[in-house]
Structure formats: structure tokens, C-alpha cells
Amino acid sequence: MTSNTDRATDAADAADALGYEQARDELIEVVRRLETGGTTLEESLALWERGEELAKICRRWLDGARARLDAALAGPETDDGTGADPGADGQV
């Protein structure tokens, strides 16, 4: 029997295996199939669940990218690590 923890770990591993572009492209295909119709209720539910999983993967990638950008923009203010602006007192 598979526990919820095992399933969560498997989902996280799958997220690591898929890059943003792959997850996004698969999500687009899932949405297209759902919008087109012609699937059984069971197939539609499976597609919906996969779409939710793919959307979470994309969100994680985007959140990670946002955090990296924020960190890069916030970066150290000086090279000496003190955070002081060397030109703030008018001396250069």
C-alpha cells in the first residue's frame, strides 16, 4: 500500500524531472484535450488531475525563478559585506 508521503515524494521527484517548458507544454495539451471533449468522465478526471499537477510544477518553477530574481536584485550593496554605501558620506 502506498502512503500519502510516498505519493508526495513521487510527485516531487516527477516535478524535478520535468522542466518548466515540458510541464507547460504538457499542460497546454491537457487543456486542449479537455476543451475538445470526447473523453469519458474517468479520462476527463484523470486529465484534470494531471493538469492540476502540471500547474503546480509550473508554479514551483516560476516561484523559484522569482526568488532568484529577487535575490539577484537585492544582492549585496557593497563588496565589503557591511551593507554601507561607500560614497554615502561624500567621500569616494
Side-chain angles (χ1 to χ4, degrees):
M1 179 172 216
T2 304
S3 71
N4 286 339
T5 305
D6 291 340
R7 275 185 246 143
T9 302
D10 291 344
D13 290 343
D16 291 339
L18 277 180
Y20 171 77
E21 288 81 7
Q22 292 97 354
R24 182 202 59 213
D25 291 346
E26 187 178 340
L27 179 57
I28 290 168
E29 179 61 21
V30 165
V31 170
R32 187 195 62 75
R33 288 183 61 196
L34 285 168
E35 288 178 342
T36 301
T39 58
T40 66
L41 177 60
E42 193 62 35
E43 291 169 333
S44 294
L45 287 172
L47 284 168
W48 181 271
E49 290 169 347
R50 180 62 179 159
E52 289 288 331
E53 182 180 326
L54 291 164
K56 287 178 187 175
I57 292 169
C58 289
R59 174 56 53 201
R60 270 184 255 146
W61 275 105
L62 292 171
D63 288 346
R66 169 62 64 190
R68 288 177 62 189
L69 284 170
D70 289 345
L73 292 172
E77 294 190 21
T78 66
D79 290 336
D80 66 3
T82 63
D85 183 357
D89 62 359
Q91 298 177 352
V92 180

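Only a predicted model underlies this, so the values are computations on that prediction, with no experimental measurement involved. We number each residue from 1, following the sequence as shown.
- Under the 3.5 Å distance criterion, the side-chain polar atoms of W48 are left unmatched by any main-chain donor or acceptor of L34.
- When all heavy atoms are compared, the tightest approach of C58 to Y20 is CB-CE1, 3.9 Å.
- Here the closest heavy-atom approach between residue G51 and residue L27 is recorded as O-CD1, 3.5 Å.
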- Apply the test salt bridge (Lys or Arg N to Asp or Glu O under 4.0 Å) to residues R32 and E29: give CA-CA distance (whole Å), side-chain angles for both, the deciding distance (0.1 Å), then the verdict. CA-CA 5 Å; R32 187 195 62 75; E29 179 61 21; 2.4 Å; yes

N/O donor to acceptor pairs below 3.5 angstrom from side-chain atoms of residues 37-47, sequence neighbours left out:
from : atom 1 : to  : atom 2 : distance (Å)
T39  : OG1    : S44 : OG     : 2.6
T40  : OG1    : E43 : N      : 3.1
T40  : OG1    : E43 : OE1    : 3.4
E43  : OE1    : T40 : N      : 2.9
S44  : OG     : T40 : O      : 3.0

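- Atom CZ of R24 has more than 12 neighbouring heavy atoms from other residues, nucleotides or ligands inside a 6.0 Å radius.
- Both L54 and L62 belong to a single network of hydrophobic side chains, linked directly or stepwise wherever heavy atoms of I, L, V, M, F, W or Y lie under 4.5 Å apart.
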